[in-house]
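To start, the structure itself, in structure tokens.
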Amino acid sequence: MAWWFGIKLWKRVFLGLVLGVAFGLTVTQTMGPEAGEALLAKVRVIGDVFIRLIRMIVVPLVFFTLVAGIYAMGDPKKLGTIGIKAFALYLGTTFFANLIGLGMGTLFRPGDGVTLSEDGPRRELAADAPSIGERLMGIIPENPFAALVQGDILAVIFFALLLGVGLLMAREAGAAAGRFFEAVAEGILKMTHIIMELAPFGVFGLIAYVAGTQGIATFTAILSLTLAVYLGCAVHMLLVYGGLVRVVLRLPFVAYFRSILDPMMVAYSTSSSSATLPVTIRAATENLGIKKSVAGSVLPLGATINMDGTSLYLGIVALFTAQAFGYELAPQHYFLIALTAALVSIGTAGVPSASLFLLSIVLDVFNVDPAHIALVIGFIFPFDRLLDMMRTVTNVTGDTAVATAVAKWEGQLDEDIFRAKPLS
Ligand code: ASP
């Protein structure tokens with residue numbers, strides 16, 4: 001057993017990933033798709049247990065780390081500067097994601113030659129998606145306890161921010177409660193350690209199912225769309241986040257990516273930035289050396305509103321639709337697609353395939369026929385998982401890049417930890 005725990009966690013998780021793909025493909029090859037899927041569904045249970053465990057701690061983690069994070073700032077005014085910097089960077093990086101997405105969609109032209117016949121698969125659109133206005137109002141919880149119970153993250157964030165500020169303003173009288181929140185946050189983070197020991201097996205189960213049921217065939221069926229999304233996300237992560245870390249912050253590029261391998265792999269296998277959040281916070285504080293005041297405030301917000309991978313993806317799919325159905329796009333359409341994709345990505349929940357069902361909002365920019373929208377969603381849906389995995393990795397990486405920058409500018413980054421090799 002000791003040898004197993006002696007291997008670095010990310011290596012074990014990576015092993016789970018690779019073996020999972022191999023296992024999934026082999027099972028489907030040898031047993032055929034149906035019997036294979038039945039077996040893989042059983043194997044996936046371990047992955048589902050893993051996801052449930054990390055989801056279990058998301059709400060308490062966000063609540064306690066956020067209150068503790070604000071409390072650790074020591075001064076309510078800092079909240080304003082940290083908030084402004086984080087927002088500016090979240091928007092700035094999303095702008096580049098849009099450029100890259102539209103660039104990839106133009107370069108690869110993934111929709112050319114795709115015929116989406118009227119009798120192809122259709123998907124009904126989610127008609128009950130809340131409007132932007134409703135979502136904004138929903139940020140203020142009518143009952144914060146209900147928000148906690150329902151896991152309404154934005155509302156929890158709002159309440160936790162104010163509670164942290166309140167405790168700071170109460171000074172001595174709030175100190176005991178402040179320390180209580182810090183202590184619980186510490187304990188929950190330690191729970192992440194326990195749960196992460198299951199990650200290699202969980203990732204194996206999740207990926208085996210995806211590889212076995214989606215297979216290489218789906219990859220090739222939509223080869224250019226997949227290539228455009230994967231390459232776009234990779235370019236964005238390396239150039240924009242890597243550039244931010246290396247050129248703007250003057251920190252080592254390799255150390256940065258090495259430190260966040262755990263959350264990247266968990267994001268890839270779960271396709272959910274909010275499920276990955278506990279792992280992201282852990283990597284940020286323990287490997288990147290980001291102080292709790294910044295990690296605890298910037299990351300929960302980022303997991304909810306900062307989704308560059310999603311924005312990039314929506315831009316590519318919008319161009320895909322235009323190309324597949326022959327819609328002519330004028331220059332202002334490109335601008336509007338970028339703007340809407342960015343807004344939709346802010347409103348997207350950090351759960352699997354969330355953005356695919358909000359695609360219609362982006363496609364409305366160039367008045368796509370609702371029948372065509374349903375066809376596109378029906379066409380992409382079966383293999384959206386493969387695209388979702390990559391955009392979620394990008395979303396999560398973006399959160400850590402922004403948190404690193406804010407921490408550095410606020411003097412809240414321990415560069416010795418950043419440069420050191422990750423411990424686990
Ligand atoms: N699955 C993505 C995430 O959690 C959201 C999306 O569907 O784009 O980050």
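Numbering of ligands and ligand atoms starts at 1, following listing order. If you read the sequence from its start, that first residue is 1, and numbering goes on from there.
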query = Which heavy atom of the protein is the closest neighbour of atom 9 (O) of ligand 1, given with residue, atom name and distance?
reply =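 Ranked first by proximity to atom 9 (O) of ligand 1 is S273 OG, 2.4 Å.
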
Check your understanding: Between D399 and L299, is there a donor-acceptor pair closer than 3.5 Å when you use the side chain of the first and the backbone of the second?
Key -> no

Output yes when a side-chain donor or acceptor of R109 lies under 3.5 Å from a complementary backbone atom of Q323, and no otherwise. no

Within the 4.0 Å heavy-atom cut-off, what V396 brings close to ligand 1 is neither

Under 4.0 Å between heavy atoms, the region of S355 that gets near ligand 1 turns out to be both

With a cut-off of 4.0 Å, which atoms of ligand 1 are near a heavy atom of [X]?
X: V351; answer: 1 (N), 2 (C), 4 (O), 5 (C), 7 (O)
X: T310; answer: 5 (C), 6 (C), 8 (O)
X: S271; answer: 1 (N), 4 (O)
X: A354; answer: 7 (O)
X: S272; answer: 4 (O)

Sorted by chain and residue number, the side-chain contact (heavy atoms from CB on, under 4.5 Å) partners of R258 (sequence neighbours excluded) come out as A255, K421, P422

- Message: Once ring pair (Phe, Tyr, Trp, His ring centres under 6.0 Å) is applied, do any residues pair with Y90, and if so which ones, sequence neighbours excluded?
- Response: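 Per chain and number, Y90 pairs via ring pair (Phe, Tyr, Trp, His ring centres under 6.0 Å) with no residue.
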
- Message: Ring-plane angle category for F325 and H372, please: parallel below 30°, perpendicular beyond 60°, tilted otherwise.
- Response: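 Rings of F325 and H372: parallel, as their planes differ by under 30°.
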
Sub-6.0 Å ring centroid separation between F201 and F50: no

query: Looking at ligand 1, does any of its N/O atoms fall within less than 3.5 Å of an N/O of D388?
result: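 N/O-N/O distance below 3.5 Å exists for this pair.
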
**Report entry** Greater than 12 external heavy atoms within 6.0 Å of F96's CZ
**Finding:** no

